[in-house]
Amino acid sequence: MDLAYSEEEEAFRAELREWLAVTLPQLPPRPDPADWPGRRAYDLGWQRRLYDAGYAGLHWPVDAGGRGATPTQHLIYLEETERAGAPYVGANFVGLLHAGPTIAAEGTAEQRARWLPPVLRGDEVWCQGFSEPDAGSDLASLRTRAVRDGDHYVVSGSKIWTSHAEVADWCELLVRTEPISADVPKHRGISWLAMPMDAPGVTVRPLRTLAGSTEFAEMFLDEVRIPVGNRVGEENDGWRVTMVTLSFERGTAFVGEVVACRRTLTALAAEARKNGRWDDPVLRRRLGRLNAEFSALWRLTQWNVSEAQHTGGVPGTGGSVFKLRYSHARQELYDTAAAVLGPDSLDLGREWNLDRLSSLSYTIAAGTSQIQQNIVAERILGLPKGR
Amino acid sequence: MDFQPTDDQRALRTGVRELLAGRFGRDASRTLADAPGGPVLDRGLWRELGDAGFFSLRLPERDGGVGLGLPEAVIAFEEAGRALLPGPLVATHLAAGEIDGAATGDTVVTAVDSGGLVTWYDTADAVRGDATGAVPVRSVDPLTPLHRAPAGHSGPHDPVAVLLTAAEQLGSAARTCELAVQHARDRHQFGQPVGAFQAVKHLCAQMLVRTELARAAVYAAAVTGDPLEISGAALLADDAAVRGARDCLQVHGGMGFTWEADVHLHLKRAWLRAELGPSAATLEEELAAAL
Ligand SMILES: Cc1cc2nc3c(=O)[nH]c(=O)nc-3n(C[C@H](O)[C@H](O)[C@H](O)COP(=O)(O)OP(=O)(O)OC[C@H]3O[C@@H](n4cnc5c(N)ncnc54)[C@H](O)[C@@H]3O)c2cc1C
C-alpha cells in the first residue's frame, strides 16, 4: 500500500500544473448559468484548449485518439484541474464520459473516425437519451420504438430528464428494436443509436429544475429517421453496450467534486468562525465528522483507482459503494452549510445555497440510492434477487 | 501511487488468518465466553502470537523485531478483530521493545485508559498507567475482564493505539457484514431467502459501504501515520463496527438476540473498543479544529 506518487506521475502533475497556470488566465469570463449557447461555447472552448495541449481524452485508449493515460494519471488530472479552478467538463460530459467511451469500445472503425475526433476537439456536444417517462430505474422497460425501413430506423417515442439536450448535436439514444414478448425479455430488443439532434421530428422542451434552471429537457421523437449505420453494436444488443457506458459513469466521475467538497468544508469552517456559529459544539462536531468523511472518500477514490490500475482500467463495482456514500455526504455538506449560514441559508444570492438545491439530485441521477444499494447487495455481496 | 495491499501484505493477512483460525476458532471463543470463572487468557496462544511476530512486528530487526511498519500492523490487528481475539493486544504490541518479554509474548501488558478502565488486570504481568485501587467491574464483554481504577490515565491518546484499535474495529465490521450476508442467504421466510427482501438487502449494502469507507481511511492512516487522519479513521471504524454489529443482529432476527449467535460478542467488543479509545466528541472536535 503506497500513497506516494511515482516520479513519472509527479512529472505529469508538474507539467499539467504549469500548463494550467499559463492557460487559465487566458480563459474568457464564465457565462451566465442561464445562457445555454454561452455555456456551450465556453465548455467547447475549454475542450479545444485541452485538445491542443494534448490533454483531451486523457483516459481514452490511444487508438481512439486518447492519450491512454493510466487511471492514476487521470486521477491526478482531475485533482489538479479542480485545484486550479479550471472549468468543469460541463456540456462535454456525455461525449467524454458516456457516449465517447462506448463508441471507442463498441463502434466500428468508421464510427470511431466519425464521432470521436469532434468530441476530443470540442466541436460537438452529446446528450444521453436513456430515461423515459415510464422507464426510470427500470430502464430496460423503455418503449421508444425503432422500426426498420430500408437502411433507416424510424423512431417514435419520448425521452425525459435529458441533460444538455438543448445544446447537443448528438444523442446517444436507447430504442426498442424488438417488442417485449414471451420470447423476448425486456433486456433483449434494445439498440443503441446515435441520433442527430437536428433531425426532423425531434422536439426538445426544457424542463425547469427545483433550482429554477433548465438543466434537463423532455424530448419528443416523431418518426425520426436515423440511418442504420448510426447503430453502435449489434441490433438488440444495446443493453450490453449501455452497461459499458454506465460502468464508466460510476468510475471516476466524481473525483474533482470530492476535491471541491473538501475546499468547501474549509470555507464553511472559516465562515462559522467569522459569524460566531463556531461556538455551537453540535455544529463544530458536524463539521469535524464531515472532515473525516471527505478525507476518507478521497482515500476510497485512490483505493478504487489503484484497483482499476491492477484490473486494466475497468472501473469495478467499488464505484457503487463510492457513489452511495458520496451522494449522501454531499447532501450533508450542504445541509451543514445551511446550518452555518443560519437565516442566510434562505438567500439564493449567497454562496452554497444553490449548491444545496442541486445536491438534492445526487441520490437520484445516475441510479438512485435505492438502486445502488440493490447493486451493492446483489452484485458485490451476492444476495439473491427478490421475486 | 499503488494504494492496494502488496503480495507480501496479502500473504501476511493469510498467515495471521490461518494462525487464528487454527488456534482461536469459533469453539475456542465459545469456550472462553462460557468459562464459569470468567475468561482465562491462553498464555500458550499469546506466546505463539509472539513467535509469529504479532507483538514485535514493528520493532527493528536489529532489536529482534520483524521490522515491518504500520500498514502491516494494521492488517494483523484487522485479522485479530475479525477473529474476536481476546487480550490486551494493543498494549502488549506497544510495549514491545520497552517492557521485557512483551515482544516475545512472554509478558502480557495492559494499560489504564483515560476513563480509568483496565482490561485483563488480573492476568497482566505489567500495567501501564496508574492502576492503584483498581476494582473489578462486571464486564459487558464476556471475552474481556474489566477493572476500573480511580486515577485513570491522563494525557493524550497514543495515535498508534488508536489506529490499531480502529483496525480491530474494521475487522469486526467486515466480519459482521459477512455473517449478516450468510444468514440472509440461508434463512428462508415467505418462501425465499430473507436476503431477497430489500429491507434486508439495503441493511447489508450499508454495512459494506461503512466497512469499505473505514477500510480506506484506516489503511491510508497507516500509510501516512498522520494523527489527524488516524482520528478520522477511528471515527469511521467505530461507526462501522458498532452499527455493523447492530444491523447484523437485526438481520439475524430472534437468533441475533441469543447467547448462541456470535453477533453479541462482536457488538460488545465493538462497544468496549469504542469506549476505551477517544470519544466521538473528542475526535470530531479535533477534526473540526484542523479545518
Ligand atoms: C439532474 C438529473 C439529470 C439527469 N440526466 C439524465 C440524462 O441526461 N439522461 C437520462 O437518460 N436520464 C437522466 N436522468 C434520469 C435519471 O437517470 C433517473 O431520474 C433515475 O434513473 C431514476 O428514475 P426515475 O426518475 O424514473 O425514478 P423512479 O425509477 O420512478 O423511482 C422513484 C422512486 O422509486 C424507487 N425505486 C424504483 N425502483 C426501485 C427498486 N427496484 N427498488 C427500490 N426502489 C426503487 C427509486 O429509488 C425512487 O426513490 C437525470 C436525472 C436527474 C435528477
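All of these numbers come straight from a predicted model, not from anything done at the bench. All chains are named by letter (A, B, ...) in the order of the sequence lines, taking the proteins before the strands, and each is independently numbered beginning at 1.
- The 12-atom threshold is not exceeded at NE2 of A:His328, counting heavy atoms of other residues, nucleotides or ligands nearer than 6.0 Å.
- Note: B:Leu208 leads B:Val200, B:Leu283, B:Leu208, B:Leu203 in heavy-atom pairs under 4.5 Å with chain A.
- For the atom pair CD (A:Gln302) and CG (B:Asp2), the distance works out to 11.5 Å, reported to the nearest 0.5 Å.
- Among A:Ala267, A:Ala292, A:Ser6, A:Ala272, the residue making the largest number of heavy-atom pairs under 4.5 Å with chain B is A:Ala292.
- With a threshold of 4.5 angstrom between heavy atoms, B:Glu229 approaches chain A through side-chain atoms but not through N, CA, C or O.
- Rounding to the nearest 0.5 Å gives a distance of 10.5 Å between CG of B:Leu287 and CG of A:Leu290.
- Other residues, nucleotides and ligands contribute only 12 or fewer heavy atoms inside 6.0 Å of the CD atom of B:Gln250.
- Residue B:Ile230: no heavy atom, backbone or side chain, is found under 4.5 Å from chain A.
- Within the model, atoms CG of A:Leu381 and CD of B:Gln182 stand 11.5 Å from one another, a figure rounded to the nearest 0.5 Å.
- The contact between A:Glu9 and chain B is made entirely by side chain atoms (from C-beta outward), counting heavy-atom distances below 4.5 Å.
- Taken to the nearest 0.5 Å, the CD atom of B:Glu284 stands 11.5 Å off from the CZ atom of A:Arg286.
- The minimum heavy-atom distance between A:Lys385 and B:Ala196, with the atom names listed, is O-CB, 3.7 Å.
- Residue A:Leu297 touches chain B through both its backbone and its side chain, counting heavy-atom pairs closer than 4.5 Å.
- Within 6.0 Å of CG in B:Asp7 there are 12 or fewer heavy atoms belonging to other residues, nucleotides or ligands.
- The contact between B:Leu213 and chain A is made by backbone and side chain atoms together, counting heavy-atom distances below 4.5 Å.
- No side-chain donor-acceptor contact under 3.5 Å links B:Glu212 to the backbone of A:Val321.
- For A:Leu3, the parts sitting under 4.5 Å from any heavy atom of chain B are the backbone and the side chain alike.
- With chain A as the partner, the residue from B:Ala184, B:Ala216, B:Gly232 showing the most heavy-atom pairs under 4.5 Å is B:Ala216.
- With rounding to the nearest 0.5 angstrom, the CZ atom of B:Phe3 is 10.5 Å from the OG1 atom of A:Thr301.
- At least one donor-acceptor pair closer than 3.5 Å links the side chain of B:Gln4 to the backbone N or O of A:Trp303.
- Residue A:Glu10 places its CD atom among more than 12 non-hydrogen atoms of other residues, nucleotides or ligands, all under 6.0 Å distant.
- Nearest heavy-atom pair across B:Gln9 and A:Met1 is OE1-N, 3.0 Å.
- A donor-acceptor pair under 3.5 Å is formed between the side chain of B:Arg185 and the backbone N or O of A:Gly382.
- You'll find the side chain of A:Arg289 reaches within 4.5 Å of the side chain of B:Leu235, heavy atoms only.
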message: The test is side chain to side chain contact (heavy atoms under 4.5 Å, CB included); show your working for B:Arg215 and A:Leu300 and say whether it passes.
response: CA-CA 8 Å; B:Arg215 182 184 307 286; A:Leu300 183 59; over 6 Å; no
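- Only the side chain of A:Ala269 comes within contact range of chain B, with at least one heavy atom under 4.5 Å from a heavy atom of that chain.
- The environment of B:Arg246 atom CZ is sparse: at most 12 non-hydrogen atoms of other residues, nucleotides or ligands sit within 6.0 angstrom.
- Between chain A and the options B:Ala288, B:Pro5, B:Pro193, B:Ala280, heavy-atom pairs under 4.5 Å are most frequent for B:Ala288.
- For chain B, the nearby part of A:Glu378 is the side chain; its heavy atoms alone come within less than 4.5 Å.
- The line from CD of B:Glu286 to CG of A:Asn291 is 10.5 Å long, rounded to the nearest 0.5 Å.
- Of the atoms belonging to B:Asp8, not a single heavy atom falls under 4.5 Å from chain A.
- B:Leu291 approaches A:Arg273 most closely through the heavy-atom pair O-NH1, 3.0 Å.
- Looking at A:Trp278, the atoms closer than 4.5 Å to chain B (heavy atoms on both sides) all sit in the side chain, from C-beta outward.
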task: Please assess A:Arg284 against B:Glu285 for the test salt bridge (charged side-chain N to carboxylate O under 4.0 Å, His left out), listing each intermediate value before the final yes or no.
output: CA-CA 7 Å; A:Arg284 269 199 322 267; B:Glu285 286 285 9; 2.8 Å; yes
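- Judged by distance alone, with hydrogens and angles left aside, the side-chain atoms of B:Lys201 form no donor-acceptor pair with the main-chain N or O of A:Val376 at under 3.5 Å.
- B:Val209 touches chain A through backbone and side chain together, each having a heavy atom under 4.5 Å away.
- Considering only heavy atoms from C-beta on, B:Met1 comes within 4.5 Å of A:Val305 through its side chain.
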